[in-house]
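Atoms within each ligand, like the ligands themselves, are counted from 1 in listed order.
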Amino acid sequence: MTDALGQMFDELLPAELPAPRAFTAYAPSNIALSKYWGKRDAGLNLPLNSSLSISLGHWGSETRVGPATDGVDRVWLNGQELSPDQAFATKVFRFVDLFRRGADLPVHIVTENSIPTAAGLASSASGFAALTLALAGAFGLDLSKAQLSRIARVGSGSASRSLWHGFVRWDKGTKPDGSDSHARPIDITWPEFRIAIVPVDTGPKLKSSRDGMNHTVETSPLFANWPTQAETDCNAMETHVLMRDFAQLGPLAEANALAMHATMMAARPSLNYLKPESWAVLERLWLAREQGLAAYATMDAGANVKLLFLDQSTDDLTSIYPQIQIFSPFDYQSENASKGA
Ligand code: PMV
(Lines give C-alpha, C1' and ligand atoms only; values in the text may rest on other atoms or scores of the structure.)
Protein backbone atom coordinates (compact mmCIF):
# COMPACT_ATOMS: atom_id res chain seq x y z
CA MET A 1 0.00 0.00 0.00
CA THR A 2 1.33 3.48 -0.77
CA ASP A 3 1.48 6.13 1.96
CA ALA A 4 -0.91 8.30 -0.03
CA LEU A 5 -3.44 5.48 -0.15
CA GLY A 6 -3.15 4.87 3.59
CA GLN A 7 -3.63 8.58 4.20
CA MET A 8 -6.72 8.63 2.00
CA PHE A 9 -8.38 5.86 4.02
CA ASP A 10 -7.29 7.43 7.33
CA GLU A 11 -8.99 10.64 6.25
CA LEU A 12 -12.21 9.02 5.05
CA LEU A 13 -12.71 6.39 7.77
CA PRO A 14 -12.95 6.64 11.57
CA ALA A 15 -9.79 5.64 13.46
CA GLU A 16 -11.48 2.47 14.70
CA LEU A 17 -14.06 0.45 12.83
CA PRO A 18 -16.89 -1.33 14.65
CA ALA A 19 -17.32 -5.10 14.25
CA PRO A 20 -18.96 -5.67 10.85
CA ARG A 21 -22.68 -6.39 10.55
CA ALA A 22 -24.17 -8.18 7.54
CA PHE A 23 -24.86 -5.81 4.67
CA THR A 24 -25.76 -6.46 1.01
CA ALA A 25 -25.30 -4.00 -1.84
CA TYR A 26 -25.78 -3.98 -5.61
CA ALA A 27 -23.92 -2.08 -8.34
CA PRO A 28 -24.44 -2.18 -12.13
CA SER A 29 -21.71 -2.82 -14.66
CA ASN A 30 -20.89 0.01 -17.08
CA ILE A 31 -19.54 0.57 -20.59
CA ALA A 32 -17.46 3.68 -21.32
CA LEU A 33 -18.58 5.77 -24.29
CA SER A 34 -15.55 8.02 -23.79
CA LYS A 35 -12.72 5.88 -22.47
CA TYR A 36 -10.34 5.96 -19.54
CA TRP A 37 -6.88 4.76 -20.62
CA GLY A 38 -3.75 5.74 -18.70
CA LYS A 39 -2.97 6.60 -15.08
CA ARG A 40 -1.27 9.67 -13.73
CA ASP A 41 -0.82 8.01 -10.31
CA ALA A 42 -0.71 4.23 -9.99
CA GLY A 43 -0.96 4.10 -6.18
CA LEU A 44 -4.10 6.22 -5.90
CA ASN A 45 -5.36 4.99 -9.29
CA LEU A 46 -5.78 8.46 -10.76
CA PRO A 47 -6.52 8.79 -14.48
CA LEU A 48 -4.89 11.02 -17.07
CA ASN A 49 -8.31 11.82 -18.56
CA SER A 50 -11.98 11.98 -17.63
CA SER A 51 -14.37 9.33 -18.96
CA LEU A 52 -18.10 8.89 -19.46
CA SER A 53 -20.11 5.68 -19.30
CA ILE A 54 -23.57 4.17 -19.41
CA SER A 55 -24.52 1.73 -16.65
CA LEU A 56 -26.09 -1.62 -17.43
CA GLY A 57 -29.02 -1.60 -14.98
CA HIS A 58 -29.69 -5.10 -13.71
CA TRP A 59 -26.46 -6.49 -15.19
CA GLY A 60 -24.09 -6.10 -12.29
CA SER A 61 -22.85 -7.50 -8.98
CA GLU A 62 -24.59 -8.13 -5.69
CA THR A 63 -22.24 -8.44 -2.76
CA ARG A 64 -22.84 -9.33 0.86
CA VAL A 65 -20.26 -8.59 3.52
CA GLY A 66 -20.79 -10.13 6.93
CA PRO A 67 -18.86 -11.01 10.08
CA ALA A 68 -16.75 -14.18 9.82
CA THR A 69 -18.37 -16.45 12.39
CA ASP A 70 -15.37 -18.80 12.10
CA GLY A 71 -12.86 -15.97 12.43
CA VAL A 72 -11.42 -16.56 8.93
CA ASP A 73 -11.63 -14.32 5.85
CA ARG A 74 -13.52 -16.14 3.07
CA VAL A 75 -14.94 -15.17 -0.31
CA TRP A 76 -17.53 -16.86 -2.54
CA LEU A 77 -17.99 -15.94 -6.19
CA ASN A 78 -21.12 -17.11 -8.00
CA GLY A 79 -21.77 -19.84 -5.43
CA GLN A 80 -18.20 -21.17 -5.20
CA GLU A 81 -15.76 -20.50 -2.42
CA LEU A 82 -12.41 -19.27 -3.76
CA SER A 83 -9.12 -20.46 -2.40
CA PRO A 84 -7.35 -17.57 -0.62
CA ASP A 85 -4.42 -17.65 -3.04
CA GLN A 86 -6.60 -17.20 -6.13
CA ALA A 87 -5.90 -13.87 -7.85
CA PHE A 88 -9.47 -12.60 -7.38
CA ALA A 89 -9.51 -13.45 -3.65
CA THR A 90 -6.13 -11.77 -3.13
CA LYS A 91 -7.38 -8.63 -4.89
CA VAL A 92 -10.58 -8.56 -2.83
CA PHE A 93 -8.82 -8.91 0.52
CA ARG A 94 -6.12 -6.40 -0.41
CA PHE A 95 -9.03 -3.98 -0.90
CA VAL A 96 -10.74 -5.00 2.37
CA ASP A 97 -7.41 -4.45 4.17
CA LEU A 98 -7.45 -0.80 3.08
CA PHE A 99 -10.59 -0.42 5.21
CA ARG A 100 -9.37 -2.56 8.15
CA ARG A 101 -5.90 -0.93 8.38
CA GLY A 102 -4.45 -3.79 10.42
CA ALA A 103 -7.47 -4.34 12.70
CA ASP A 104 -8.55 -7.93 13.29
CA LEU A 105 -12.00 -7.83 11.67
CA PRO A 106 -12.40 -10.99 9.56
CA VAL A 107 -15.26 -11.01 7.05
CA HIS A 108 -17.16 -13.36 4.79
CA ILE A 109 -17.88 -11.97 1.34
CA VAL A 110 -20.47 -13.47 -0.98
CA THR A 111 -20.72 -12.02 -4.46
CA GLU A 112 -22.96 -12.91 -7.39
CA ASN A 113 -22.62 -11.49 -10.89
CA SER A 114 -25.79 -11.19 -12.94
CA ILE A 115 -23.83 -10.43 -16.11
CA PRO A 116 -24.21 -13.43 -18.41
CA THR A 117 -20.81 -15.04 -18.88
CA ALA A 118 -21.58 -15.24 -22.59
CA ALA A 119 -21.61 -11.45 -22.76
CA GLY A 120 -17.87 -11.51 -22.04
CA LEU A 121 -18.01 -8.31 -20.01
CA ALA A 122 -15.53 -7.63 -17.25
CA SER A 123 -17.12 -7.57 -13.83
CA SER A 124 -14.43 -5.58 -12.03
CA ALA A 125 -16.37 -2.30 -12.33
CA SER A 126 -19.57 -3.59 -10.75
CA GLY A 127 -17.64 -5.93 -8.44
CA PHE A 128 -15.54 -3.26 -6.76
CA ALA A 129 -18.44 -0.79 -6.66
CA ALA A 130 -20.71 -3.34 -4.93
CA LEU A 131 -17.90 -4.36 -2.58
CA THR A 132 -17.28 -0.72 -1.65
CA LEU A 133 -20.96 -0.18 -0.87
CA ALA A 134 -21.23 -3.44 1.08
CA LEU A 135 -18.10 -2.73 3.15
CA ALA A 136 -19.28 0.81 3.88
CA GLY A 137 -22.65 -0.59 5.02
CA ALA A 138 -21.10 -3.43 7.03
CA PHE A 139 -18.79 -1.05 8.92
CA GLY A 140 -21.51 1.60 9.30
CA LEU A 141 -19.55 4.29 7.46
CA ASP A 142 -21.14 7.63 6.82
CA LEU A 143 -19.73 8.53 3.41
CA SER A 144 -21.08 10.56 0.49
CA LYS A 145 -21.50 8.97 -2.97
CA ALA A 146 -18.50 11.02 -4.18
CA GLN A 147 -16.35 9.63 -1.37
CA LEU A 148 -17.56 6.09 -2.09
CA SER A 149 -16.71 6.63 -5.76
CA ARG A 150 -13.14 7.62 -4.77
CA ILE A 151 -12.83 4.42 -2.74
CA ALA A 152 -14.26 2.23 -5.54
CA ARG A 153 -11.78 3.92 -7.93
CA VAL A 154 -8.90 2.45 -5.94
CA GLY A 155 -10.21 -1.09 -6.62
CA SER A 156 -10.69 -0.48 -10.34
CA GLY A 157 -10.89 2.86 -12.15
CA SER A 158 -14.08 1.98 -14.00
CA ALA A 159 -15.69 0.99 -10.65
CA SER A 160 -15.80 4.68 -9.72
CA ARG A 161 -18.55 5.05 -12.38
CA SER A 162 -20.60 2.01 -11.26
CA LEU A 163 -22.19 3.69 -8.23
CA TRP A 164 -24.99 5.18 -10.34
CA HIS A 165 -27.43 4.08 -13.03
CA GLY A 166 -27.70 5.86 -16.37
CA PHE A 167 -24.96 8.08 -17.81
CA VAL A 168 -22.07 8.77 -15.46
CA ARG A 169 -18.94 10.89 -15.81
CA TRP A 170 -15.71 10.31 -13.92
CA ASP A 171 -13.93 13.66 -13.60
CA LYS A 172 -10.18 13.10 -13.69
CA GLY A 173 -9.55 15.79 -11.08
CA THR A 174 -6.27 17.65 -10.73
CA LYS A 175 -5.37 17.35 -7.03
CA PRO A 176 -2.39 15.13 -6.18
CA ASP A 177 -4.35 13.44 -3.36
CA GLY A 178 -7.13 12.44 -5.78
CA SER A 179 -9.89 13.96 -3.65
CA ASP A 180 -11.48 15.52 -6.76
CA SER A 181 -11.14 12.39 -8.91
CA HIS A 182 -14.54 10.72 -8.63
CA ALA A 183 -17.61 10.09 -10.71
CA ARG A 184 -20.96 11.91 -10.79
CA PRO A 185 -24.27 11.06 -12.45
CA ILE A 186 -25.45 12.94 -15.53
CA ASP A 187 -29.03 13.89 -14.89
CA ILE A 188 -30.76 12.65 -18.01
CA THR A 189 -32.86 9.67 -19.01
CA TRP A 190 -32.94 8.39 -22.56
CA PRO A 191 -35.36 5.43 -22.73
CA GLU A 192 -34.65 4.70 -26.43
CA PHE A 193 -30.90 4.29 -25.86
CA ARG A 194 -29.67 0.72 -26.49
CA ILE A 195 -26.47 -1.24 -26.13
CA ALA A 196 -25.90 -4.64 -27.66
CA ILE A 197 -23.04 -6.97 -26.93
CA VAL A 198 -21.66 -8.95 -29.85
CA PRO A 199 -19.82 -11.78 -28.10
CA VAL A 200 -16.58 -12.57 -29.91
CA ASP A 201 -14.46 -14.12 -27.18
CA THR A 202 -15.57 -14.81 -23.63
CA GLY A 203 -12.28 -16.26 -22.38
CA PRO A 204 -10.01 -14.45 -19.93
CA LYS A 205 -8.15 -11.48 -21.39
CA LEU A 206 -4.48 -11.77 -22.23
CA LYS A 207 -3.40 -8.64 -20.37
CA SER A 208 -5.30 -6.87 -17.61
CA SER A 209 -6.43 -3.34 -18.36
CA ARG A 210 -4.05 -2.13 -15.64
CA ASP A 211 -1.01 -3.76 -17.31
CA GLY A 212 -2.28 -2.84 -20.78
CA MET A 213 -2.64 0.83 -20.01
CA ASN A 214 0.70 1.04 -18.22
CA HIS A 215 2.43 -0.61 -21.18
CA THR A 216 0.70 1.81 -23.58
CA VAL A 217 1.63 4.90 -21.55
CA GLU A 218 5.24 3.75 -21.25
CA THR A 219 5.94 2.65 -24.83
CA SER A 220 3.39 3.96 -27.36
CA PRO A 221 4.58 6.94 -29.41
CA LEU A 222 0.92 7.64 -30.19
CA PHE A 223 -0.06 8.00 -26.55
CA ALA A 224 1.18 11.60 -26.15
CA ASN A 225 -1.88 12.90 -27.94
CA TRP A 226 -4.40 10.73 -26.07
CA PRO A 227 -4.99 12.56 -22.74
CA THR A 228 -5.88 15.88 -24.42
CA GLN A 229 -7.99 14.27 -27.15
CA ALA A 230 -9.77 12.02 -24.64
CA GLU A 231 -10.61 15.01 -22.42
CA THR A 232 -11.99 16.94 -25.40
CA ASP A 233 -14.02 13.86 -26.42
CA CYS A 234 -15.38 13.40 -22.89
CA ASN A 235 -16.53 17.02 -22.69
CA ALA A 236 -18.22 16.81 -26.09
CA MET A 237 -19.78 13.46 -25.13
CA GLU A 238 -21.36 14.99 -22.04
CA THR A 239 -22.95 17.69 -24.19
CA HIS A 240 -24.26 15.11 -26.71
CA VAL A 241 -25.73 13.04 -23.88
CA LEU A 242 -27.42 16.08 -22.33
CA MET A 243 -28.87 16.99 -25.74
CA ARG A 244 -29.82 13.33 -26.44
CA ASP A 245 -28.00 13.88 -29.75
CA PHE A 246 -27.36 10.37 -31.05
CA ALA A 247 -26.13 11.59 -34.47
CA GLN A 248 -23.17 13.21 -32.67
CA LEU A 249 -22.75 10.76 -29.81
CA GLY A 250 -22.51 7.56 -31.89
CA PRO A 251 -19.68 8.62 -34.24
CA LEU A 252 -17.75 10.19 -31.37
CA ALA A 253 -17.99 7.06 -29.18
CA GLU A 254 -16.71 4.89 -32.05
CA ALA A 255 -13.88 7.30 -32.93
CA ASN A 256 -12.84 7.55 -29.28
CA ALA A 257 -12.71 3.75 -28.87
CA LEU A 258 -10.73 3.28 -32.08
CA ALA A 259 -8.29 6.03 -31.07
CA MET A 260 -7.72 4.24 -27.75
CA HIS A 261 -7.06 0.96 -29.56
CA ALA A 262 -4.72 2.76 -31.98
CA THR A 263 -2.57 3.94 -29.05
CA MET A 264 -2.30 0.32 -27.88
CA MET A 265 -1.50 -1.07 -31.31
CA ALA A 266 1.35 1.41 -31.59
CA ALA A 267 2.77 0.28 -28.21
CA ARG A 268 6.10 -1.55 -28.41
CA PRO A 269 5.52 -4.48 -28.49
CA SER A 270 2.05 -3.96 -29.92
CA LEU A 271 -0.99 -4.63 -27.76
CA ASN A 272 -4.09 -5.96 -29.51
CA TYR A 273 -7.28 -6.86 -27.69
CA LEU A 274 -9.32 -7.00 -30.90
CA LYS A 275 -9.48 -10.27 -32.85
CA PRO A 276 -10.15 -10.85 -36.57
CA GLU A 277 -13.80 -11.59 -35.58
CA SER A 278 -14.03 -8.17 -33.88
CA TRP A 279 -12.90 -6.50 -37.10
CA ALA A 280 -15.41 -8.58 -39.08
CA VAL A 281 -18.20 -7.27 -36.81
CA LEU A 282 -16.96 -3.71 -37.40
CA GLU A 283 -16.74 -4.13 -41.17
CA ARG A 284 -20.29 -5.47 -41.31
CA LEU A 285 -21.42 -2.49 -39.24
CA TRP A 286 -19.67 0.01 -41.50
CA LEU A 287 -21.34 -1.59 -44.53
CA ALA A 288 -24.77 -1.31 -42.87
CA ARG A 289 -24.05 2.31 -42.01
CA GLU A 290 -23.38 3.10 -45.66
CA GLN A 291 -26.88 1.79 -46.25
CA GLY A 292 -28.32 4.15 -43.66
CA LEU A 293 -28.21 2.25 -40.34
CA ALA A 294 -27.49 4.53 -37.36
CA ALA A 295 -25.47 2.21 -35.12
CA TYR A 296 -21.94 2.61 -33.79
CA ALA A 297 -19.41 0.44 -32.00
CA THR A 298 -17.22 0.63 -28.93
CA MET A 299 -14.64 -1.85 -27.66
CA ASP A 300 -12.74 -2.17 -24.38
CA ALA A 301 -9.80 -4.27 -23.18
CA GLY A 302 -11.20 -7.39 -24.82
CA ALA A 303 -12.34 -8.69 -28.20
CA ASN A 304 -16.11 -8.21 -27.80
CA VAL A 305 -17.83 -5.42 -29.68
CA LYS A 306 -20.59 -3.33 -28.12
CA LEU A 307 -23.09 -1.64 -30.41
CA LEU A 308 -24.78 1.66 -29.60
CA PHE A 309 -28.09 2.53 -31.22
CA LEU A 310 -31.64 3.72 -30.61
CA ASP A 311 -34.64 1.46 -30.24
CA GLN A 312 -35.87 2.18 -33.78
CA SER A 313 -32.83 0.28 -35.18
CA THR A 314 -33.38 -2.86 -33.07
CA ASP A 315 -34.95 -4.98 -35.83
CA ASP A 316 -32.25 -4.09 -38.36
CA LEU A 317 -29.52 -4.96 -35.88
CA THR A 318 -30.99 -8.29 -34.85
CA SER A 319 -31.26 -9.33 -38.48
CA ILE A 320 -27.60 -8.45 -39.10
CA TYR A 321 -26.30 -9.94 -35.83
CA PRO A 322 -28.70 -12.66 -34.63
CA GLN A 323 -26.36 -13.51 -31.71
CA ILE A 324 -26.49 -10.11 -30.00
CA GLN A 325 -27.73 -9.50 -26.47
CA ILE A 326 -29.58 -6.21 -26.33
CA PHE A 327 -29.71 -4.08 -23.24
CA SER A 328 -32.00 -1.15 -22.40
CA PRO A 329 -30.07 0.85 -19.77
CA PHE A 330 -33.09 2.84 -18.59
CA ASP A 331 -35.45 -0.10 -18.04
CA TYR A 332 -34.06 -0.54 -14.59
CA GLN A 333 -34.95 3.00 -13.59
CA SER A 334 -38.47 2.81 -14.93
CA GLU A 335 -38.95 -0.52 -13.09
CA ASN A 336 -37.81 1.22 -9.92
CA ALA A 337 -39.91 4.26 -10.57
CA SER A 338 -43.01 2.13 -11.11
CA LYS A 339 -42.39 0.52 -7.72
CA GLY A 340 -42.20 3.99 -6.23
CA ALA A 341 -38.59 3.47 -5.11
O1 PMV B 1 -10.55 0.54 -14.56
P2 PMV B 1 -10.35 -0.67 -15.36
O3 PMV B 1 -9.13 -1.40 -14.96
O4 PMV B 1 -11.60 -1.52 -15.40
O5 PMV B 1 -10.06 -0.19 -16.89
C6 PMV B 1 -11.06 0.23 -17.76
C7 PMV B 1 -10.51 0.37 -19.14
C8 PMV B 1 -11.54 0.45 -20.26
O9 PMV B 1 -12.61 -0.43 -20.02
C10 PMV B 1 -10.85 0.03 -21.57
C11 PMV B 1 -12.05 1.88 -20.47
C12 PMV B 1 -13.08 2.38 -19.49
O13 PMV B 1 -13.13 3.61 -19.33
O14 PMV B 1 -13.85 1.60 -18.94
Can you list the atoms of ligand 1 that are under 4.0 Å from a heavy atom of [X]?
| X | result |
| --- | --- |
| S209 | 2 (P), 3 (O), 4 (O), 5 (O) |
| A32 | 12 (C), 13 (O), 14 (O) |
| M213 | 5 (O) |
| S124 | 4 (O) |
| S156 | 1 (O), 2 (P), 3 (O), 4 (O) |
| G157 | 1 (O) |

Practice problem: State plainly whether the residues E81 and R74 are in salt-bridge range, i.e. N to O under 4.0 Å. | Solution: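 Result for this pair is yes, salt bridge flagged.
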
Practice problem: May I ask you to decide whether E238 forms a salt bridge with R184, counting only side-chain N to carboxylate O separations under 4.0 Å? | Solution: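 Judged by the 4.0 Å cut-off on N to carboxylate O distance, E238 and R184 do form a salt bridge.
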
Backbone or side chain, does any N or O of [X] fall under 3.5 Å from an N or O of ligand 1?
| X | result |
| --- | --- |
| K35 | no |
| R161 | yes |
| S34 | no |
| N30 | no |

Practice problem: Would you kindly specify which portion of H261 sits under 4.0 Å from ligand 1, judged on non-hydrogen atoms: side chain, backbone, both or neither? | Solution: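 Near ligand 1, H261 shows nothing, with every heavy atom at 4.0 Å or more.
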
Quiz item: Between S158 and ligand 1, which part of the residue brings a heavy atom under 4.0 Å of the ligand: side chain, backbone, both or neither?
Solution: both

Quiz item: Under 6.0 Å between the ring centres of F9 and F99?
Solution: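 Close enough - the centres of the two rings lie under 6.0 Å apart.
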
Exercise. Flag the pair F330 / F167 as yes when their ring centroid distance falls below 6.0 Å, and as no otherwise.
Key: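 Under 6.0 Å, so yes.
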
Practice problem: Kindly check if the number of other-residue, nucleotide or ligand heavy atoms within 6.0 Å of CD (E16) is above 12? | Solution: no

Residue pair [X] / [Y], side-chain heavy-atom distance below 4.5 Å:
| X | Y | answer |
| --- | --- | --- |
| W164 | K145 | yes |
| L56 | I31 | yes |
| V96 | V92 | yes |

